[in-house]
Amino acid sequence: MVKRTNYAGLINEDYVGQEIDLAGWVQKRRDLGNLIFIDLRDREGILQLVFSQEFSETALALADTLRAEYVISVHGKVQARSESAINPKMKTGKVEVEVTAIKILNKAKTPPFYIEDNVSASEDLKLKYRYLDLRRPEMAAGIRTRAQIMKSVHHFLDREDFIEIETPDLTKSTPEGARDYLVPSRVYPGSFFALPQSPQLFKQLLMGAGFDRYYQLARCFRDEDLRGDRQPEFTQIDLETSFLDAEEIQALTEGLIAEVMHDEKGLDIPRPFPRMDWDEAMARYGSDKPDTRFGMELQDLSDFFKDSSFKVFQNAIANGGQVKAIVLSGAADKYSRKDIEGQQEHIKRFGAKGLAFVKVTEDDLTGPAAKFLKEQRTPLLEKLGAKAGDLLLFVADTKKVVADSLGYLRVHFGHKLGLIDESKFNFLWVLNWPLFEYDEGIQRWTAAHHPFTMPNEADLHYLDEGEDPHQAYAQSYDIVLNGYELGGGSIRIHTREIQEKMLRALGFTKEKAQAQFGFLLDALDYGFPPHGGLAIGLDRFAMLLSNRDNIRDVIAFPKNSKATEPMTNAPMPVAPTQLDELGIEVEKPLD
RNA sequence: GGUCCCAUGGUGUAGGGGUUAUCACGCCUGCCUGUCACGCAGGAGAUCACCGGUUCAAAUCCGGUUGGGACCGCCA
């Protein structure tokens, strides 16, 4: 086989006159009889090849037998196309290669879907033939964006004197957090390793070991149901530092992100990034990861409607809830009553009992709720900054239901109304999270971030016996990008005293705490430095920089939404002998 | 665990009780020397996901199963 001299996708006018050797896939054949055009595709792009008896009779004959996705190598001369033959839609459209020799390296069956961007094949089919899907330029681009990010991260953190350290994948199951993926131990039947949900405790222990600045592109595993931005295995840009406070860690993170944005997008993101307290984010956006590319903020009308004749509003307020609204500017005529009632169905998922709405006309309000609000039209519009032509949406309920519902509607209509500038990258720090959150399912308080998060200094006393720990806020911070939680971190607890208090507040007895986290508690006794860190979701970062809406698109071999892998058919039942060795008996054999 | 949606040639689809099962792309054959969504002529290709029910008659209606997608719960 002849050595390839160039990538097809990189050939341009500079190469005119040169003899080159290319290798790649047949994207398209256009057979005009004694003149055949082949679009040759390789990892860098597509280039037109010309076959004619003028250049080679043999090559022309072989070109006639080419089909889509055949793998070929060619030798030929780069020529400028005549003015009328230039294709402005192609990067290589000013040139073509006159082929004097061709070798068919392999044939191909007709692929089950077209190898081109914007294919409409089902997700399932594309995953089954993932190696074909990845041939599509937009898919390859996502994978390469991911690689670029990793490269920038290595460069930046290496320059900042971080030490890359690997932590175990076979580790210990922990009761807090997500469901573990378990790995049975052959040597100790009945005992299991767990795959790490994150390297959290190991990286803290590395601080205890004195490494001072650690990082890792860490694979993490969580056995929970999937979403567009969640896969059971994913990668974190994981870092931890000693002796830095939250602001210093944030500044460092901003440097890291700015470098990635510069390298990958050529953008200079202004620093410092905007910051917002968690309470404020929830109040203004109904979300702990607000998309700040557009306004339409939630406005609190609880005081305004305190004495309202509208019973729905009044009752919600009397029961300790809220009334909030969003203003859809100029949208009064864009949506029918039916459209809005459709949205009402959507927010029932969040527990909302209803969605009140009015359309603002020149001197009136219309819609089902109008009669209750008409009298207050002028002060209401003034309070909301609304005007004729606007559509007002109200939700009256508990604080959480109001935030979830209006938070969802804000994002939904923000997209629908085209308020979002898709070219923007709005980074935002969300600070001062609650230390705990109430888990309705198991009826107890759990760590909002994780159990090793340091409370705010002023809130430390809430962890004391007899106090209400649930009022405490944490020294934790999330980095948000365009409405996605890109990453998060915190200052960690570095004394045994506070860590024990924390575990007690979470319902651990002293014995259980020692059994589960004894290795950490003991380590804290041996001169543990103050420390903190953060982890960024590499998959989400790559997804957002590639303008995709599913992290599958930036993972070479992802799972489908049912947590299986259609190409290899994993997971699969295993041979009984394998189970015997592990001392495992399966209740209901699957075959 | 729950809710909603989808399943028809290789791919995307039309069809909502009786059809020769629609169309486009793709595929195959032939013709064609400037195409790039090539063109022209012809052709092949579908147990309408599976099982059961209703009916004289089911791709179509009903029930279930399987597979897939989105969301809630769950998950940082």
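Each chain gets a letter, A, B and so on, in the order the sequences are listed, and its residues count up from 1. Excluded from the calculations below are hydrogen atoms, water molecules and symmetry mates; all remaining heavy atoms, backbone and side chain alike, are included. These figures come from a predicted structure and were not determined experimentally.
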Problem - Residue matched to B:C74 through Watson-Crick or wobble contacts both under 3.5 angstrom - result: none
Exercise for the section: Considering only NZ, NE, NH1 and NH2 on the basic side and carboxylate oxygens on the acidic side, decide whether A:K353 and A:D397 come within less than 4.0 Å. Expected result: yes
Fill in the blank from the handout: A:Y285 meets the ring pair (Phe, Tyr, Trp, His ring centres under 6.0 Å) criterion, sequence neighbours left out, with none
Exercise for the section: Determine the Euclidean distance between corresponding P atoms of B:G15 and B:A41; express it in Å to zero decimal places. Expected result: 28 Å
Problem - Close side-chain approach of A:I479 and A:F273, heavy atoms under 4.5 Å - result: yes
Handout entry: Distance between P atoms of B:G45 and B:C36 (Å, rounded)
Key = 31 Å
Practice task
Tell me, please, which residues at least two apart from A:H450 pass ring pair (Phe, Tyr, Trp, His ring centres under 6.0 Å).
Solution key: A:F452
Exercise for the section: Rounded to whole angstrom, note down the C1' distance from B:C56 over to B:C71. Expected result: 44 Å
Problem - P spacing across the pair B:C50 / B:C25, given as an integer number of angstrom - result: 28 Å
Exercise for the section: Using a strict 4.0 Å threshold on nitrogen-to-oxygen distance, state whether A:E69 and A:K109 make a salt bridge. Expected result: no
Exercise for the section: Specify the separation, in whole Å, of atom CD1 of A:I115 and atom P of B:U11. Expected result: 13 Å
Exercise for the section: Indicate yes or no: does A:R222 engage A:E224 in a salt bridge with an N to O separation below 4.0 Å. Expected result: no
Problem - Electrostatic pair A:R130-A:E565, nearest N-O below 4.0 angstrom - result: no
Problem - Pairwise P distance, B:C51 and B:U8 [rounded to whole Å] - result: 16 Å
Handout entry: SB check A:E254 A:R275 (cutoff 4.0 Å)
Key = yes
Fill in the blank from the handout: Taken to the nearest whole Å, CZ/A:R136 to P/B:U11 is 16 Å
Practice task
Quote, to the nearest angstrom, the C1' distance that separates B:U29 from B:U47.
Solution key: 28 Å
Problem - Torsion-based syn/anti label for B:G9, 90° from 0 as limit - result: anti
Exercise for the section: Return the 5'-most residue of the pair A:M90, A:S122 with respect to RNA chain B, ranking by each residue's nearest nucleotide. Expected result: A:S122
Problem - Strand partner of B:G34, provided both Watson-Crick or wobble distances fall under 3.5 Å - result: none
Problem - Interatomic distance where CG belongs to A:L40 and C1' belongs to B:C36 [whole Å] - result: 14 Å
Handout entry: Atom pair distance, as rounded to whole Å: CG in A:N118 and P in B:C25
Key = 18 Å
Practice task
Evaluate the side-chain proximity of A:K94 to A:N12: yes if any heavy-atom separation is below 4.5 Å, no if none is.
Solution key: no
Can you name the atoms? Protein N/O to nucleotides 5-8 of chain B N/O, anything below 3.5 Å, with the distance.
none

Exercise for the section: Return the value, rounded to whole Å, for the distance between atom NZ of A:K559 and atom P of B:G68. Expected result: 14 Å
Problem - Rounded distance (Å) that lies between atom C1' of B:G9 and atom CZ of A:F113 - result: 18 Å
Exercise for the section: Using the test ring pair (Phe, Tyr, Trp, His ring centres under 6.0 Å), find all partners of A:F221 that sit at least two apart in sequence or belong to another chain. Expected result: none
Completion exercise
pair_partner(B:A7), Watson-Crick or wobble, both distances < 3.5 Å, evaluates to B:U66
Problem - Complement of B:C48, any strand, by Watson-Crick or G-U distances under 3.5 angstrom - result: none
Practice task
For atom NZ of A:K107, decide whether the heavy atoms of other residues, nucleotides or ligands shown that lie under 6.0 angstrom number more than 12.
Solution key: no
Fill in the blank from the handout: Once base and sugar-phosphate atoms are separated, protein heavy atoms under 4.0 Å mark nucleotides 26-35 of chain B, 5' to 3', with B, S and - as SSSS--BBBB
Practice task
Using a heavy-atom cut-off of under 4.0 Å over every strand shown, decide if A:L125 touches base, sugar-phosphate, or nothing.
Solution key: sugar-phosphate
Handout entry: From A:E116, A:R41, A:R135, A:Q48, residue fulfilling side chain to side chain donor-acceptor pair (under 3.5 Å) relative to A:Q27
Key = A:R41
Problem - Separation between the P atoms of B:A59 and B:U54, rounded to whole Å - result: 16 Å
Problem - Same-atom distance (C1') from B:G30 to B:C61, integer angstrom - result: 47 Å
Practice task
Would you mind pulling out the nucleotide paired to B:C61, Watson-Crick or G-U wobble, both distances under 3.5 Å?
Solution key: B:G53
Problem - Min side-chain heavy-atom separation A:R349-A:Y408 under 4.5 Å - result: yes
Completion exercise
With sugar-phosphate taken as primed atoms, P, OP1 and OP2 and all else as base, the protein-contact string of nucleotides 69-76 of chain B at under 4.0 Å (heavy atoms; B, S, -) is BSSBBBBB
